[in-house]
> 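Quick one: the structure is below, and I'll ask about it shortly.
Any value given below was found using the heavy atoms of this structure, including those in side chains, with hydrogens, waters and symmetry copies removed.
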Amino acid sequence: MRVSNLFFATQREVPADAEIPSHKLMLRAGLIRKMSSGIYAYMPMGFKVYKNVERVIREEMDRAGAQELIMPALLPAEAYQASGRWEKFGPEMFRMSDRGGRPFCLGPTHEEPFTEAVRDTFRSYKNLPVTLYQIQHKYRDEKRPRFGVIRSREFVMKDAYSFDVDEAGLDKSYKIMYDAYRRIFDRLGLDYTVVDADSGAMGGSGSQEFMVKSPIGEDAICFCDACGYAANEEKASCKEGEADTSVELPIEKIKTPDAKTIEELVAFLNTTPDKFVKTILYNIDGKIVAAMVRGDRDINETKLGNIYDATEMDLASFEDVERITGAKVGFAGPVGLKEKIEVVMDSEVALLKNFIVGACETDYHFKNVNVGRDFTPDVVKDIKNVKSGDLCPKCGKPLGMARGVEVGHIFKLGTKYSDSLGCVYLDKEGKEHSMVMGCYGIGVSRTIAAIIEQYNDEDGIKWPAIAAPYKVIVIPTKTNDEEVMGLAEKLYNAYIDAGYETLIDDRNERPGVKFKDADLLGIPLRVTVGRRAAEGIVELKYRMDGAVEEADFDAALAAAGKIK
RNA sequence: CGAGGUGUAGCGCAGUUGGUAGCGUACGUGCUUUGGGAGCAUGGGGUCGCAGGUUCGAAUCCUGUCACCUCGACCA
């Protein structure tokens, strides 16, 4: 491709609304164009990268035996109504109706149509297992789109679905996808971690996320260097301490004026946060629930929500808190609640003795409170967030925390969708069973951003060769010099003949302009034809490590095979 | 959902007490330049987010509305 014909424009100035390196660089390099908040167009240069990433995914999915098809993005409501997700997705789903008033949505994820397709096509155990996939646009009306294509409302996702006769079959299909995912992200050059994850709105029995470690990541991940345990914060657990065996002291009401936060109480009572148990009221799908964790802990809303299979969950309103506790906000506790509500207590609290809680009376707390004697929780479960330094649930060594961008997520779904949509097969005895499903997603758009996050410098993007829009750029420094142009053209044609996607920057621009653009675009190999063109010598520069060398024609051609 | 901010040329921005819009960059043309975003000259490009209102006159003041961005979403 001749740069003089290329539909692109690089920008010197950073658009005002970009925050993170990948977003800034994608805009500056002209890879994408924003059409609306969280909605982007891919320009030719960006689309090349997109297709490269897509190609790697497709190759590995095909190699793993998955079959590609494509579902509509625009889907009728029925399937989602049958699975219950028409309601469950809530406002995240883009909804519309046709001229006759029939409800439709833009697919946020496609378990339902895939399940229906398999249901209507296969009826026998002999047909299974089967794994299908598509690479498709997905639509989610995100509360707050952010970070360019990392959290957008329209995005490209590879989603695959496996159908097996039983759990053992699912385990096999899942492992095949797991291995394929590792190959995909390895080939793309990403530094990633696989973590245990919450299966969230998808439901199911187990899942893992592929996380690219990055400070801009939206997920917190927890890991153990000693044994390799790694989990999303939503899911991570830790080893709990020993039970306190102190003697239970009599409960006592203490006046704590104006002390309603843990910090204020710690200062007021001259003690430490772990002597408290805080009680927080949540509104979970309209039902008020009290959640209790130790004072130095945070509640993990995912874990709490899972107990109630929550769709919508929020802190209870001030009015609800005041009515139920009979006190101003800040003095909630499990003892003396004015209304009977469910109390969920973190399992760690069960180990404590003689702790402090709000007294359900403004300006008062109870001290020496004990579980069983003073109150009885309805549920005792792990509902806390793990922190750095907590002990690994597997090996007991200290855990660390990091941030990550979720580029892939694999789930064991089980029969959730096959049950609700009637996706069954007949076994050897002619008996009906629900198929056992798995689903497997890769965010194509955000994978592109994740690559840039890992490979960039102050001059621009540094594409790994496999993702690069073009592998080589030939830059003649003088377009009016026949010797220079002759050699440049000859090299350009030789690269193309050898099968490398190549650019020749034949614009009548100063060399500096061309170098800046080549750096910003991140082309892995830059071949400058200039000063020593008459001798047949060119300069090679590798974008990834900045190495520079001189080479003759053959060496320059051979260099394209070495870029990574 | 709550709060704040911003909408003026492709991009980044200025525009004072209201008087009909400007700078940088990018773009066109000419000359000079040609190994890290050149110099000089010259030119084109804007219904000032949208709709009302006040006024002789509104980018500017008022009201409404839309879009975009950021932070927050209560740890009692």
Side-chain angles (χ1 to χ4, degrees), chain A residues 8-19 23-24 27-28 30 33-39 90-91 143-148 256 258-265 273 276-283 290-301 304 312-322 324-325 327-334 346 356-365 383-385 387 458-460 475-481 484 505 507-521 526-533 538-539 541 546 548 550:
Chain A
F8 91 122
T10 54
Q11 272 172 357
R12 205 183 283 210
E13 314 232 26
V14 185
D17 53 9
E19 290 275 300
H23 190 196
K24 287 180 186 168
L27 290 169
R28 281 194 57 211
R33 252 177 81 78
K34 185 165 83 171
M35 302 299 292
S36 176
S37 177
I39 300 178
K143 264 192 216 172
R144 202 174 141 200
R146 238 190 283 222
F147 301 147
T256 51
D258 298 325
K260 48 186 181 178
T261 66
I262 295 291
E263 295 74 43
E264 287 163 352
L265 279 166
F276 292 88
V277 172
K278 56 190 176 194
T279 306
I280 297 161
L281 268 49
Y282 278 89
N283 183 332
M292 300 175 63
V293 292
R294 210 171 64 191
D296 59 330
R297 290 287 187 186
D298 288 334
I299 287 185
N300 182 315
E301 296 191 356
L304 178 61
E312 288 211 46
M313 173 163 147
D314 221 332
L315 287 164
S317 65
F318 286 175
E319 297 78 61
D320 284 335
V321 173
E322 289 179 9
I324 289 165
T325 65
K328 280 205 235 160
V329 171
F331 301 94
D346 182 59
I356 304 166
V357 299
C360 292
E361 185 177 337
T362 303
D363 292 341
Y364 288 93
H365 280 74
I383 54 163
K384 65 188 163 302
N385 268 345
K387 335 179 264 202
E458 60 283 356
D459 291 317
I475 298 186
T477 55
K478 291 181 186 160
T479 47
N480 53 5
D481 181 317
V484 167
D505 197 342
R507 294 176 298 173
N508 182 23
E509 285 287 353
R510 297 166 63 85
V513 173
K514 301 183 184 184
F515 294 153
K516 285 287 183 191
D517 277 343
D519 286 349
L520 179 56
L521 290 171
R526 186 183 91 193
V527 182
T528 308
V529 183
R531 293 192 193 105
R532 300 188 65 189
V538 299
E539 180 194 89
K541 185 165 185 185
V548 178
E550 294 205 314

> Donor-acceptor check, side chain of A:Lys514 to backbone of A:Arg507, threshold 3.5 angstrom: yes or no?
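Side chain of A:Lys514 to backbone of A:Arg507, a donor-acceptor pair under 3.5 Å: yes, one is there.
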
> For A:Glu539, is there an ion pair with A:Arg526 - N to carboxylate O distance below 4.0 angstrom?
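Looking at A:Glu539 together with A:Arg526, the answer is yes, because their closest N to O distance falls below 4.0 Å.
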
> Output the rounded distance in Å from CZ (A:Arg510) to P (B:rU33).
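It is 11 Å, rounded to the nearest whole Å.
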
> Take atom CD of A:Glu509 and atom P of B:rG35, then tell me their distance rounded to the nearest Å.
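In whole Å, B:rG35 P and A:Glu509 CD are 13 Å from each other.
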
> In whole angstroms, how far is the C1' atom of B:rA38 from the CZ atom of A:Arg507?
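Interatomic distance, CZ of A:Arg507 to C1' of B:rA38: 15 Å.
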
> In whole angstroms, how far is the P atom of B:rG37 from the CG atom of A:Leu521?
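A:Leu521 atom CG is separated from B:rG37 atom P by 17 Å.
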
> Counting side-chain heavy atoms from CB outward, which of B:rG36, B:rC11, B:rC13 is closest to A:Ala16?
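Of all the options, the side chain of A:Ala16 is nearest to B:rC13.
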
> Counting the atoms with a prime plus P, OP1 and OP2 as sugar-phosphate, which does A:Thr279 contact under 4.0 Å by heavy atoms, base, sugar-phosphate, or nothing?
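Counting heavy atoms under 4.0 Å across all strands, the contact made by A:Thr279 includes a base.
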
> For B:rG12, what is the paired nucleotide under Watson-Crick or G-U wobble rules, both distances under 3.5 Å?
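B:rC23 - that is the nucleotide pairing with B:rG12, both distances being under 3.5 Å.
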
> Please evaluate the base of B:rG10 for a donor-acceptor partner in the side chain of A:Arg33 within a cut-off of under 3.5 Å?
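Flag unset: no donor-acceptor pair detected.
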
> Base of B:rG10, side chain of A:Gln11 - is there a donor-acceptor contact under 3.5 Å?
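It does not, because no donor-acceptor pair links the side chain of A:Gln11 to the base of B:rG10 below 3.5 Å.
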
> For B:rA41, which nucleotide in any strand shown is its Watson-Crick or wobble partner with both distances under 3.5 Å?
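With both distances under 3.5 Å, B:rA41 matches B:rU29.
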
> Taking atom types as they are modelled, would you say the side chain of A:Arg28 forms a donor-acceptor pair with the base of B:rG37 within the 3.5 Å cutoff?
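When only heavy-atom distances are counted, A:Arg28 does reach the base of B:rG37 through a donor-acceptor pair under 3.5 Å.
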
> Scan A:Lys384 against the nucleic acid and name what it touches under 4.0 Å (heavy atoms): base, sugar-phosphate only, or nothing.
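Counting heavy atoms under 4.0 Å across all strands, no contact is made by A:Lys384.
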
> What's the CG-P distance between A:Leu304 and B:rC74, to the nearest Å?
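For the pair A:Leu304 CG and B:rC74 P, the rounded distance is 13 Å.
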
> Within the 4.0 Å heavy-atom criterion, would you say A:Thr528 contacts the bases, only the backbone, or no part of the nucleic acid?
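It contacts base atoms.
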
> Which residue, A:Val277, A:Asp346, A:Asp298, forms the side-chain contact (heavy atoms from CB on, under 4.5 Å) with A:Val293?
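When A:Val277, A:Asp346, A:Asp298 are each tested with A:Val293, the side-chain contact (heavy atoms from CB on, under 4.5 Å) holds only for A:Asp346.
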
> Going by purine N1 to pyrimidine N3 plus the second Watson-Crick contact, or the G-U wobble pair, all under 3.5 Å, which nucleotide sits opposite B:rC1?
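Its partner is B:rG72 (Watson-Crick or G-U wobble, both distances under 3.5 Å).
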
> Looking at A:Arg144, does any N or O in its side chain come under 4.0 Å of the phosphate oxygens OP1/OP2 on B:rC71?
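So the side chain of A:Arg144 is within the cut-off, an N or O lying under 4.0 Å from OP1 or OP2 of B:rC71.
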
> Taking OP1 and OP2 of B:rA67, is either one under 4.0 Å from a side-chain nitrogen or oxygen of A:Ser37?
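For B:rA67, OP1/OP2 do not have a side-chain N/O of A:Ser37 under 4.0 Å.
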
> Assess whether one donor atom and one acceptor atom, taken from the side chain of A:Lys541 and the base of B:rG35, lie less than 3.5 Å apart.
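Side chain to base: no pair present.
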
> Side chain of A:Asn480, heavy atoms from C-beta onward: which of B:rU34, B:rC69, B:rG37 has the nearest atom to it?
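Selected nucleotide (nearest to the side chain): B:rU34.
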
> What about A:Asp517: does its side chain form a donor-acceptor pair under 3.5 Å with the base of B:rG37?
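Under the 3.5 Å cut-off, the side chain and the base do form a donor-acceptor pair.
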
